[in-house]
Amino acid sequence: MVAMESNPLEFLEKKLDREQFEKVKAINNPELHRFLADWIAWLEPSKVFVCTDSPEDEFYVKWKALYNGEERMLETPGHTVHYDNYYDQARDKANTKLLVPKGVKLPFLNTMDREEGLREIREIMRGIMRGKELFICFFVLGPKNSVFTIPAVQLTDSAYVAHSEFLLYRKGYEEFRRLGPTANFLKFVHSAGELDDRKTSKNLDKRRIYIDLVDEAVYSANTQYGGNTIGLKKLAFRLTIQRAVREGWLSEHMFLMRINGPSGRKTYFTGAYPSMCGKTSTAMLPWENIVGDDLVFIKNLDGVARAVNVEIGVFGIIEGINEKDDPIIWQVLHSPVEIIFSNVLIKDGKPYWNGMGIPIPEEGENHSGKWWRGKKDAEGREIPPSHKNARFTVRLEAFPNLDREALESPCGVEVGGMIFGGRDPDTWPPVREAFDWEHGVITMGAALESETTAATLGKEGVRAFNPMSILDFLSVHIGDYLRNYLEFGRKLKKRPKIFAVNYFLRENGQWLNEKLDKAVWLKWMELRVHGDVDAIETPIGYIPKYEDLVRLFREVLKKDYPKEDYEKQFKLRIPELLAKIDRIEKIYKDVGNVPEELFEQLEAEKNRLLKTREKFGDYVSPFQLEKA
Ligand SMILES: Nc1nc2c(ncn2[C@@H]2O[C@H](COP(=O)(O)OP(=O)(O)OP(=O)(O)O)[C@@H](O)[C@H]2O)c(=O)[nH]1
Ligand SMILES: O=C([O-])CC(=O)C(=O)O
Ligand SMILES: [Mn+2]
């Protein structure tokens, strides 16, 4: 901490303009004042702007993003484009570290001694805002004034980051005022650092994202990409997982959506898939309703699991969004609502991206600067029109399929089903249901694997262990995390059903499913939650019967569903399933301190598979299993 010659409020009064100081003073929270004074003294901004919940303050931030050149206007009113540095296009796992007290060990993620990490990040951030304006913004995670609410304060010198947060989170200044000294808030300090001509972070060698688990604060420097900088998103997620495990609830990397069942029945599902594995595309199905697409909190309220969306906006992947597969997002992206496009191709004021299903200009400007088809980067790789991880940022209220009531409900919605899924080319069937809570949590959630994607820096397409899709964010020991999960379900009077999906089965380089097939799996799961259809029992859970899928394909997609497709997709792949169990068991054995029943569940599943193999061989048709 910097030595301040006076008390925090006196210091702030000296540093801030009258108007800005009054806004800070109006929040009665000495801890907040201390934090602000400390960091303002350290960062040395030339100017400070404090955002209240007023439309004028939000407008000021948006204006500054344009004025500073971090965003540029596009042809459609409300649309802007933002670029990140060519080498700053995804989450930087290598430079993201959990700062832990001496002696604390967490498997899988980079950890660092807290004292040392704080010293390093302080050194990097000393005076980093000289000549810049600091924006102080207040938000809340989850609905306001509810058992789910978590207040958070964001300090940033990037108007783009602040603007993104105004699209993604509920404003929290008044909530801070209401809570006063009782606000138990999260803290985020970000600086994009020195910028180049294109207004992108220049000193990537000093890019750091350090998460202080003790003080519930995250420091992020010399980066702009949203996944590294938007405090309330994946940075806060590390902190809320820790809180959830301590307090006995769930903070998860999940979409939240409503599946519309027969006769107007509404059933809510959460879905945990790793980054770039289909959360947004699933939650956006036109005939269902979205509540959230990335982060949920789930609490036990009167014995029922109830979920809220942590956010109110979408930071979504734009690649591949086309009129046919994603009609709703397509429509929103072409309407005059507030949208930030990031790392896409711009030509004559219009945005273009890979796989949009219409002709793309041969030149323009993109994440590499001036672009033409065939342009190569310094590594000799051809640069596509837009980056694979290019995104759009928009409020959920822009979507006609939003379930507004569910989004705003202070006690959330009842969770009927929880889905786990990832990019699995060859092992899991498209959809199946767990035998019970424990079976689902262990063999579907804790055993999840998924191929790596462009959402993180590094090699793509590598099969990786990713329990509950949260490995990148796991700020507690996996054993404690799983114990909390199992316990959470046991305490419920009514447990959600657990399912696993796999949209990414491949054979000879071809997908076995079309992108919209997921719509059928969802309808089937909805029916199962209410016991409306039978299913086939297999060693790995219940799978759909062919005739039910035929009917649903017809009703939902107006398509035939050939027998051969069903057999190919749902065949039990015993060698792959067994190999997977071995991989997972080994990982957990090496980690240690995991609940014993994890091994019991995996062993039991292995034995069921071995028995089935004796009877039917390595690959078993679902029709054989149905008869058995
Ligand atoms: N082959 C195939 N690709 C799909 C399917 N569903 C989604 N995708 C692709 O997967 C990619 C990521 O999908 P999203 O829905 O944006 O992923 P997400 O889980 O929201 O990702 P984050 O926002 O990073 O957390 C997109 O390129 C989609 O086109 C599917 O059913 N089949
Ligand atoms: O955090 C990000 O970079 C964006 C995102 O949703 C994810 O990667 O899960
Ligand atoms: Mn998404």
Side-chain angles (χ1 to χ4, degrees), residues 84 88-93 96 164 168 209 218 220 223-238 252-257 270-285 290 292-296 309-311 313-322 324-326 328-330 342-343 353-357 386-394 396 419-425 430-431 450-458 460 466 469-473 501-506 509-522 557 569:
D84 299 306
D88 189 29
Q89 297 280 321
R91 278 190 281 113
D92 179 0
K93 293 212 291 190
T96 301
S164 300
L168 295 170
I209 300 101
V218 184
S220 159
T223 172
Q224 279 164 313
Y225 169 66
N228 296 327
T229 60
I230 299 173
L232 282 91
K233 202 174 190 56
K234 295 307 204 293
L235 308 187
F237 189 32
R238 273 76 165 209
E252 299 298 315
H253 193 199
M254 290 171 160
F255 68 68
L256 176 58
M257 72 185 293
T270 62
Y273 320 158
S275 302
M276 252 191 195
C277 297
K279 286 184 302 300
T280 305
S281 17
T282 303
M284 285 295 171
L285 286 170
I290 184 167
D293 80 323
D294 199 43
L295 296 166
V296 304
N309 182 5
V310 171
E311 314 179 284
V314 176
F315 178 53
I317 296 165
I318 203 162
E319 175 150 316
I321 290 188
N322 63 74
K324 174 175 158 278
D325 293 329
D326 310 276
I328 297 213
I329 308 184
W330 182 267
S342 55
N343 305 314
W353 54 91
N354 312 332
M356 71 190 294
S386 62
H387 191 271
K388 266 195 166 178
N389 195 30
R391 292 190 180 241
F392 60 92
T393 309
V394 63
L396 274 165
I419 314 171
F420 295 101
R423 284 183 185 255
D424 167 0
V431 63
S450 189
E451 290 183 335
T452 52
T453 68
T456 52
L457 300 175
E460 285 173 53
N466 199 344
S469 307
I470 66 162
L471 191 69
D472 288 357
F473 316 104
V501 296
N502 180 14
Y503 305 157
F504 299 92
L505 274 174
R506 284 198 301 267
Q510 298 263 313
W511 301 117
L512 291 193
N513 288 102
E514 291 195 38
K515 228 171 134 181
L516 280 179
D517 291 359
K518 54 167 78 72
V520 171
W521 318 145
L522 290 169
L557 300 176
Q569 293 162 13

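Side chains are part of it too, since the values below use all heavy atoms of this structure and drop only hydrogens, waters and symmetry mates. Indexing begins at 1, ligand by ligand and atom by atom, following the structure's order.
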May I ask you to check whether [X] and [Y] show a side-chain donor-acceptor distance below 3.5 Å?
X	Y	answer
Asp88	Gln224	no
Ser220	Asn228	no
Tyr225	Asn389	yes

Quick one: which ligand 2 atoms are inside 4.0 Å of a heavy atom on [X]?
X	value
Lys233	6 (O)
Gly227	1 (O), 2 (C), 3 (O)
His253	9 (O)
Asp294	6 (O)
Ser275	7 (C), 8 (O), 9 (O)

Could you tell me, atom by atom, which parts of ligand 1 come under 4.0 Å of a heavy atom of [X]?
X	result
Asp294	25 (O)
Ile317	12 (C), 16 (O), 17 (O), 21 (O), 24 (O)
Ser275	21 (O), 22 (P), 24 (O), 25 (O)
Thr280	15 (O), 16 (O), 18 (P), 20 (O)

For the residue pair [X] and [Y], establish whether any side-chain heavy-atom pair is separated by less than 4.5 Å.
X	Y	value
Asn343	Arg391	no
Asn466	Thr452	no
Arg506	Leu512	no

Any heavy atom of Gly316 sitting closer than 4.0 Å to ligand 1? no
Does the residue Pro274 have a heavy-atom contact with ligand 1, meaning some pair of atoms that are separated by less than 4.0 Å?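 Right, Pro274 reaches ligand 1.
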What part of Asn389 sits under 4.0 Å from ligand 2 if we count only heavy atoms: the side chain, the backbone, both or neither? neither
Please classify the Met276 to ligand 2 contact at 4.0 Å (heavy-atom distances, strictly less than): side chain, backbone, both or neither. neither
Would a line drawn from the ring center of Tyr273 to the ring center of Phe420 be shorter than 6.0 Å?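 No; Phe420 has its ring centre 6.0 Å or more from that of Tyr273.
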Which protein heavy atom lies closest to [atom], and at what distance to 0.1 Å?
atom	result
atom 5 (C) of ligand 2	Lys234 NZ, 3.2 Å
atom 1 (N) of ligand 1	Trp511 CE2, 3.3 Å
atom 17 (O) of ligand 1	Gly278 N, 3.0 Å

Considering [options] one by one, which has a heavy atom nearer to [atom] than any of the others?
atom	options	answer
atom 29 (O) of ligand 1	Lys515, Glu514, Lys279, Arg391	Lys515
atom 4 (C) of ligand 1	Trp521, Tyr503, Phe504	Phe504
atom 12 (C) of ligand 1	Arg91, Lys518, Met276, Met254	Met276
atom 11 (C) of ligand 1	Arg423, His253, Lys388, Glu319	Arg423

Do Tyr225 and ligand 2 have an N or O pair less than 3.5 Å apart? yes
Going from NZ on Lys518 to CD1 on Ile419, what distance comes out if it is rounded to the nearest 0.5 angstrom? 11.5 Å
Rounded at 0.5 Å granularity, tell me how far CD1 in Ile318 sits from CG in Asn354.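 That separation rounds to 10.0 Å.
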Look at the aromatic rings of Phe237 and Phe473 and report parallel, tilted or perpendicular, splitting at 30° and 60°.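 Answer is tilted, since the angle falls between 30° and 60°.
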Could you walk me through whether Arg91 and Ser275 pass side-chain hydrogen bond (donor to acceptor under 3.5 Å, both in side chains), step by step? CA-CA 10 Å; Arg91 278 190 281 113; Ser275 302; 2.8 Å; yes
Side chain or backbone of Ile321 under 4.0 Å from ligand 1, or both, or neither, by non-hydrogen atoms? neither
Using 2.8 Å as the threshold, say whether any N, O or S atom from Thr280 sits that close to the Mn ion (ligand 3). yes
Give the intermediate values and the outcome of salt bridge (Lys or Arg N to Asp or Glu O under 4.0 Å) for residues Asp294 and Lys234. CA-CA 10 Å; Asp294 199 43; Lys234 295 307 204 293; 2.5 Å; yes
Flag Ser281 as yes when one of its N or O atoms lies below 3.5 Å from any N or O atom of ligand 1, and as no otherwise.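 N/O-N/O distance under 3.5 Å: yes.
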At their closest point, which heavy atom of Leu557 faces which heavy atom of Ala519, and how far apart are they?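 Of all heavy-atom pairs spanning Leu557 and Ala519, the closest is CD2-CB, 4.4 Å.
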Nearest atoms (heavy-atom pairs only) where Gly292 meets Ala283: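 Shortest heavy-atom separation between Gly292 and Ala283 comes out as O-CB, 3.8 Å.
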